[in-house]
Structures are given as C-alpha cells and as structure tokens.
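All values below come from the heavy atoms of this structure, side chains included, with hydrogens, waters and symmetry mates left out.
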Amino acid sequence: MWQTNAVALRAKKSDGSAAGSARCSPTTEALLVDSPYFPDELEALPGLLAGAGFEPDALLATHVDFDHVLGRLAFPGLALGLGEPSVERLHREPGAAQRALRDHDDEFYVERPSPLALGQVQGLPVPGSVELGSEELELHPADGHTADGLAVMAPWCGVLCSGDYLSGVEIPMISSGGSLATYRSTLARLAPLVEAAEAIVPGHGAPNDRDTALRILDEDVDYLDALERGDERPPLPKGRASREQRKIHERNLRQIAT
Ligand SMILES: [Zn+2]
C-alpha cells in the first residue's frame, strides 16, 4: 500500500567496550534509521530485527516528516536522535508530526494502540558523525525536500540512507520549508556519497545499487531544471510518470512560486 523504509545498521563494539562485559551481552551496537508506518510493521519490527541479530540501541530520523519518526512506537525505551535543524523544526512546528500522522491514519483507516510521543530527543550536529560500536556514521546535510534533513553514510558497510532523496518511486518533492536551490545543493552533496556507496536506501522505494542511484540523481537534476523553467507538463522519469507524481509536480510548481 505504501513504500517506506527503515534501515537497521550495526557495527562491532570496540574491543575496549567489549572487554570485561558478560559473555552473553551483545557484541554489536545497532541503530535504526527512520521507521515503518503501519502498526503491524512497528509491532513486528523488534522481533524481526532481533532474529537477524540487530538490537537497536538508538534511533535516528533523517527528517521530522511524520512517516520517518515512528521508531519509538516500536522501541519506546530509546531516545530519538535528530539533526539539529530537525530539532529546530520541531520547535517551530510543535505537534505538526503528530497532526500529520493522525490525518494519514484517518485517510488509510489506520488505528494505533497509542498516539505518537516523540519523547526524549537528542540533537546532533550536521554535518557531523555518530559513533556506532567501533565505527563512525557520517551525517550529511540533506535539506531542500524540507527545511531540515540529513543523509546517513555508513562507510564500513557501504550503505547510504538518503532520506527523501534519490527515490525510484517519487520525483523530487519540495515541501513547505524546502526549496529548489537547497534541493540542488543536496543532490550535489549526495553525488560523491553515492559514488562511494554500494547500497543506497531512500526513504521510499527500493534500495538501489550505485549505478541506479546515479541514474536517478541525473533524472532528478533534469526534473529540477524543468521545474525551475516552470514547465507545466515536463516528461517525468520512467517509472515515476504516474498521475500521483503529476500531482506532486503541480504542488512543486505552486511551492516554488511562493
Ligand atoms: Zn517521507
């Protein structure tokens, strides 16, 4: 019904932290980036991840659109890590994520056992880095879709979580707070990261290999050129030329005119 991705990343604990710990304690640290949406997905997630050897110690959201911040519904004991621009956006728009979630839940007839509480939020500098076990995650600015946003690069396993960029199912979406110029800068910033990655996981749509993600990036730059020219009916990329994507284009045209 909807394609949303959550990505679990893990890394071995550094020798120092593993030494002296009980033998049965986990030898890896794990982090969950973004979240699934449906209540049954959220309910199944902890067991599914544990079965695959991932037990998240932390949550991170690429941006604070409602469909990316639901991790605490699956892991209520964990704090939500956010880039500082996302924390600022939360303060500017108190309750917005909760309201948007309620609206979408109403539209899809989704019932939840409990409402969304973002709980404790941890602000992280962007650009910056976060330690995960003995490895380091890079946080890169990724604004333009919204006013906030980060991309997460896990160099030790070649994974780039690109947030709501480089999707094979969605054209670039300029939401309120986003802009064409910052979207372009983000694509330029993502290009070398894609070159260095093996798997690129967007917030929506299938994970892609490097060549596919680079193709999508080129298509997105072409699309932004057409948007900037104000084309009413530009050709949309293959696989993204649906009526729904045309509606996004119409909203984009209105958004860049404001
Ligand atoms: Zn999204």
Side-chain angles (χ1 to χ4, degrees), residues 1-9 30-46 48-49 54 56-108 110-126 128 130 132 137 139-152 154 159-167 170 173-178 186 201-205:
M1 179 170 182
W2 199 11
Q3 296 197 48
T4 61
N5 292 322
V7 182
L9 296 165
L31 170 90
L32 184 72
V33 180
D34 289 342
S35 59
Y37 165 74
F38 289 101
D40 56 347
E41 296 172 318
L42 288 158
E43 194 190 322
L45 190 61
L48 185 79
L49 289 181
F54 291 78
D57 307 283
L59 306 170
L60 181 65
T62 55
H63 59 300
V64 291
D65 279 356
F66 76 95
D67 50 328
H68 297 259
V69 294
L70 308 183
R72 284 188 84 252
L73 293 175
F75 298 97
L78 299 183
L80 179 64
L82 296 174
E84 270 155 10
S86 291
V87 176
E88 285 162 25
R89 185 179 155 200
L90 278 184
H91 289 151
R92 276 199 311 274
E93 307 170 353
Q98 285 89 341
R99 281 194 298 279
L101 177 65
R102 267 202 313 272
D103 288 348
H104 280 78
D105 286 350
D106 289 349
E107 187 183 344
F108 297 147
V110 168
E111 293 176 336
R112 292 185 191 272
S114 54
L116 173 64
L118 292 179
Q120 194 195 335
V121 158
Q122 192 193 350
L124 303 164
V126 184
V130 173
L132 186 65
L137 284 167
L139 308 182
H140 298 271
D143 49 347
H145 162 57
T146 53
D148 61 329
L150 56 82
V152 184
V159 172
L160 172 65
C161 303
S162 55
D164 280 359
Y165 302 87
L166 306 180
S167 165
E170 192 173 79
M173 188 195 289
I174 318 276
S175 308
S176 72
T186 288
V201 192
H204 306 280

So do the side chains of His91 and Val87 get within less than 4.5 Å of each other, counting heavy atoms only?
-> yes
Side chains of Leu73 and Leu116 in contact at under 4.5 Å (non-hydrogen atoms) = yes
Nearest heavy-atom contact between Leu137 and Ala154 is CD2-CB, 3.8 Å
Result for side-chain contact (heavy atoms from CB on, under 4.5 Å) between Val110 and one of Asp105, Leu101, Asp40 points to Asp105
Heavy-atom closest contact (His204 atom, Ser167 atom, distance) | O-OG, 2.8 Å
Sidechain-backbone polar pair: Asn5 side chain, Pro202 backbone, donor-acceptor under 3.5 Å = yes
Check whether any side-chain heavy atom of Val33 sits under 4.5 Å from a side-chain heavy atom of Thr62, and report yes or no.
-> yes
Shortest non-hydrogen contact from Tyr37 toward Leu42 = O-CD1, 3.6 Å
Would you name the heavy atoms of Ser162 and Ala151 that are closest together and state the gap between them?
-> CA-CB, 4.3 Å
Value for SG (Cys161) from NE2 (His140), rounded to nearest 0.5 Å, stands at 11.5 Å
Which of Thr146, Asp148, Asp34, Asp164 passes side chain to side chain donor-acceptor pair (under 3.5 Å) with His63? It is Asp164
Shortest non-hydrogen contact from Ala142 to Tyr165?
-> O-OH, 3.0 Å
Applying the side-chain contact (heavy atoms from CB on, under 4.5 Å) test to Val152, which of Val159, Leu139, Val130, Val201 qualifies?
-> Leu139
Note, Pro85 side chain near Asp143 side chain (heavy atom, < 4.5 Å) = no
Could you tell me whether the side chain of Phe38 reaches within less than 4.5 Å of the side chain of Thr4, counting heavy atoms only?
-> no
Rounded to the nearest 0.5 Å, what separation is found between the OG atom of Ser35 and the CG atom of Leu59?
-> 9.0 Å
Ser175 side chain near His145 side chain, heavy-atom distance below 4.5 Å | yes
Can you measure from CZ (Phe54) to CG (Leu9) and round to the nearest 0.5 angstrom?
-> 7.5 Å
Min side-chain heavy-atom separation Leu82-Leu124 under 4.5 Å = no
Of all the heavy-atom pairs spanning Ala74 and Pro46, show the shortest one and how long it is.
-> O-CG, 3.4 Å
At what distance, to the nearest 0.5 angstrom, does CD of Glu43 lie from CZ of Arg112?
-> 12.0 Å
Less than 4.5 Å apart, any side-chain heavy atom of Leu32 and any of Leu78?
-> no
So does Asp65 pair up with Arg89, basic N to acidic O under 4.0 Å?
-> yes
Could you tell me the separation between the CG atom of Leu80 and the NE2 atom of His68, rounded to the nearest 0.5 Å?
-> 12.5 Å
Flag yes if more than 12 heavy atoms outside Glu107 fall under 6.0 Å of its CD atom; otherwise flag no.
-> yes
Is a side-chain N or O of His104 found less than 3.5 angstrom from the main chain of Ala100, in a donor-acceptor match?
-> yes
With Arg102 as the cation and Phe108 as the aromatic partner, state whether NZ or CZ is under 6.0 Å from the six-membered ring centre and within 45° of the axis.
-> no
